[in-house]
Amino acid sequence: MTEFDINNIGLKVGLEIHQQLDTKKKLFCDCTPIDDDEFSRKFSRRLRAAKSELGKIDPAALFESTKSKTIIYYANPKSSCLVEEDEEPPHALDTDAKNLALLISSSLESKIFSEIHVMRKTVIDGSNTTGFQRTMLVAQGGHIEVDGKKVGVQSICLEEDAGKLIKDEENHRFFSLDRLGVPLIEIALDPVEGDPKFVKDIALTLGRLLRVTKRVMRGIGSIRQDVNISIEGGGIIEVKGVQQLDQLEKIIEFEAKRQHGLKLIADRINQTKFTEINQKEDIFDITEVMKECNSKIIKKSIEKQERIFGIRIKKLKGIFGFEPYSDIRLGKEIGQLVRFFGIGGVFHSDELPNYGIENVDIKRVTEKLNIDDDAFLIIAGEKISVGFAIDSIINRIKLAKNGPPAETRAATQNGDTIFLRPRPGASRMYPETDIPTVKVSDKELAEARSNIPKSWEESIRELKEKYQINNQLAEQIFDSEYFGIFEKICSKKQNSPNFVVSILCSTITNLERSGLDSSLLNDEQITNTFELLEQEKINKESIQIIFEQIMSKKANNVLQALENASITQLTEDELDKILDSIIQNNVDKIKQEQMRALSGLMGLAMKEVRGKASGKIINQKLKEKIQGFLN
Ligand SMILES: [Zn+2]
């Protein structure tokens with residue numbers, strides 16, 4: 001295997017950030033953008049995709065157009081109306097969202113257009129009831145300064161968010177409409193020479209620039225990054241759906257290596273006499289030949305009366321299994337590609353015998369395909385899908401001579417990427433005829449310029465002063481999804497800001513790391529909990545217990561959590577009784593260890609009365625009681 005050097009491959013990375021704006025209304029109707037999980041309305045649409053809207057005809061796009069899926073939409077009247085259902089034309093553009101877009105554009109020194117045209121961008125996955133997403137170019141140019149360097153802004157668009165995918169089944173796809181139409185600002189930056197850490201810093205800086213407006217949504221899913229990654233001589237690969245900054249860095253590193261690996265594979269291919277796969281001569285129906293095969297996938301296919309095909313790839317023996325870097329192989333790329341067509345089974349000659357395909361099967365296939373120093377693929381599946389998949393494989397192997405082809409990939413949680421679809425053509429935009437051109441007046445421009453918020457550094461400085469917290473805590477809370485709620489809780493001055501930050505940042509994160517789900521804990525539950533603390537109905541230690549109950553689904557609300565964990569405050573008498581009995585049971589220990597026994601007894605006491613009395617008081621009482629005993 002080759003040593004990989006990320007600095008030597010002409011890596012270029014362009015970031016595109018999508019951030020939800022925090023407005024009272026959706027972009028083109030009066031609905032409130034709220035998260036719902038209760039839906040009283042349900043309706044369905046058939047998904048159709050006109051060929052002309054798919055851009056360039058490629059096998060994948062053609063295949064998509066043959067799939068007929070029914071899309072089921074779930075709606076709640078609180079968060080969606082007839083506009084989301086596409087039963088009523090869109091209302092006028094929300095001025096609040098417009099002004100925010102102007103404000104953000106101004107703070108990036110981007111040139112704002114005096115007229116904004118609303119466009120329709122074709123969406124073929126059903127995530128929008130209309131079949132398109134409304135988007136408008138607000139500004140172009142400008143820059144952001146990151147680590148002392150200027151990074152150019154390409155464009156700033158205001159657009160509507162899509163419906164939220166609930167689940168995807170064979171013939172049905174389910175979306176909820178609460179998120180549909182929520183205003184998004186899309187900022188596309190100039191590509192930079194790739195240093196993954198620098199790109200992460202760019203995303204962080206841009207995220208902070210947006211957060212200082214205090215008008216953007218926070219939390220997982222409210223800011224999403226798409227990244228365009230390429231290396232010298234390769235196509236541009238768009239990676240969609242990066243939600244976390246650490247993930248971003250890993251994905252760039254992975255993609256750089258994958259793309260360079262594909263380039264090395266291309267070099268290998270170009271040393272062979274491979275020309276191309278001939279649709280007529282190199283594709284063989286091998287269903288009969290595979291009848292005796294013991295592979296589970298092959299057997300299942302035959303049972304379902306599907307066809308099995310062999311594809312001969314002349315002169316490419318050894319190329320599919322060639323692994324320039326760990327786990328980067330052409331064979332793997334092909335495997336991911338066919339999954340797009342709903343096909344789970346493709347085997348290449350370099351990995352056989354394996355997966356139940358034995359030497360005797362290989363012999364039969366090589367005879368049938370007349371294999372010499374050639375490679376072959378075995379693919380099984382339902383007839384139409386296999387046809388498209390084979391076309392797509394032929395196409396992909398042809399492109400392999402040129403290194404990584406342009407495509408759209410999805411980010412995975414662990415920092416890899418997987419094939420999503422080929423890159424769509426550029427012809428997917430057309431004018432929205434239901435909404436007149438939006439004018440931007442000089443007055444609105446001046447207003448936006450005069451309202452540019454303080455810098456992030458300044459905001460942090462202010463935060464430190466206002467709440468008397470240190471730099472680290474100020475940065476932590478400002479970047480977190482709980483900043484709004486922090487300010488709300490601390491406005492009452494009864495709670496120590498230091499303590500509130502540690503609960504909102506450390507405690508919740510720790511519970512999450514232990515496998516609990518922080519998305520179950522909502523803002524109202526957090527404020528309720530702190531209110532109980534203010535009223536001295538619970539103590540500090542109880543907060544974690546309440547959050548634990550809610551984040552583990554054991555309780556739906558704070559009251560239930562209190563009940564479940566039997567969090568009631570002990571009276572002083574009750575506490576004394578418990579502590580006295582602990583002393584009684586540990587007489588020998590105290591005699592032996594004297595005051596050092598305190599920490600052990602404290603542990604015992606906390607186990608018994610956790611959440612029912614403050615740790616500070618327990619400690620104080622125990623100390624007195626041990627001292628009393630020793631005297
Ligand atoms: Zn609506």
Side-chain angles (χ1 to χ4, degrees), residues 18-48 70-102 104 116-138 157-167 172-186 215-224 429-439 484 519 522-524:
H18 301 88
Q19 165 78 62
Q20 285 180 341
L21 300 178
D22 189 4
T23 52
K24 300 229 160 26
K25 282 166 55 184
K26 288 190 179 178
L27 202 51
F28 292 109
C29 67
D30 298 330
C31 294
T32 325
I34 45 167
D35 253 339
D36 273 331
D37 37 28
E38 273 169 47
F39 306 105
S40 53
R41 286 259 314 132
K42 184 180 154 187
F43 61 97
S44 65
R45 296 279 155 85
R46 293 285 287 182
L47 184 66
R48 279 159 291 151
T70 301
I71 311 291
I72 318 273
Y73 295 104
Y74 289 110
N76 180 330
K78 268 190 262 168
S79 60
S80 60
C81 64
L82 291 172
V83 174
E84 282 89 339
E85 294 186 24
D86 194 25
E87 296 292 353
E88 189 184 305
H91 305 180
L93 173 68
D94 176 39
T95 38
D96 193 21
K98 176 189 171 189
N99 288 334
L100 261 171
L102 299 182
I104 291 166
I116 299 171
H117 303 275
V118 185
M119 303 291 282
R120 295 175 171 182
K121 208 197 287 180
T122 303
V123 173
I124 55 171
D125 64 359
S127 62
N128 202 312
T129 48
T130 52
F132 55 81
Q133 175 194 31
R134 293 187 187 92
T135 177
M136 60 212 97
L137 182 61
V138 174
C157 292
L158 183 59
E159 52 186 39
E160 34 178 27
D161 207 345
K164 197 159 55 188
L165 182 68
I166 300 174
K167 59 183 167 174
H172 293 88
R173 198 175 276 161
F174 302 78
F175 288 97
S176 70
L177 295 187
D178 45 341
R179 212 181 66 184
L180 179 66
V182 169
L184 276 185
I185 192 136
E186 181 207 83
R215 295 297 311 279
V216 297
M217 303 270 214
R218 287 160 180 259
I220 273 282
S222 62
I223 184 163
R224 305 189 288 273
M429 291 248 251
Y430 51 106
E432 162 67 82
T433 42
D434 286 340
I435 302 162
T437 298
V438 181
K439 298 240 191 280
S519 72
N522 65 34
D523 289 3
E524 199 188 328

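Whatever order the structure lists ligands and atoms in, that order sets their numbers, starting from 1.
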Do other residues, nucleotides or ligands put more than 12 heavy atoms under 6.0 Å from the CD atom of Glu524?
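Incorrect, the count does not exceed 12.
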Please find the pair of heavy atoms, one from Lys26 and one from Pro183, that lie closest to each other, and give the distance.
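Scanning both residues completely, I find the closest heavy atoms to be CA-CD, 4.1 Å.
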For a quick test of reading the model, state the closest non-hydrogen atom pair linking Asn128 to Val123 and the distance between them.
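Smallest heavy-atom distance, with atoms named: N-CG1, 4.4 Å.
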Mind checking whether [X] and [Y] have side chains closer than 4.5 Å, heavy atoms only?
{"X": "Arg179", "Y": "Leu184", "value": "no"}
{"X": "Pro33", "Y": "Met217", "value": "yes"}
{"X": "Tyr74", "Y": "Lys42", "value": "yes"}

What are the protein N/O/S atoms, named by residue and atom, that sit under 2.8 Å from the Zn ion (ligand 1)?
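The answer, once waters are left aside, is Cys29 SG, Cys31 SG, Cys81 SG, Glu84 OE1, Glu84 OE2.
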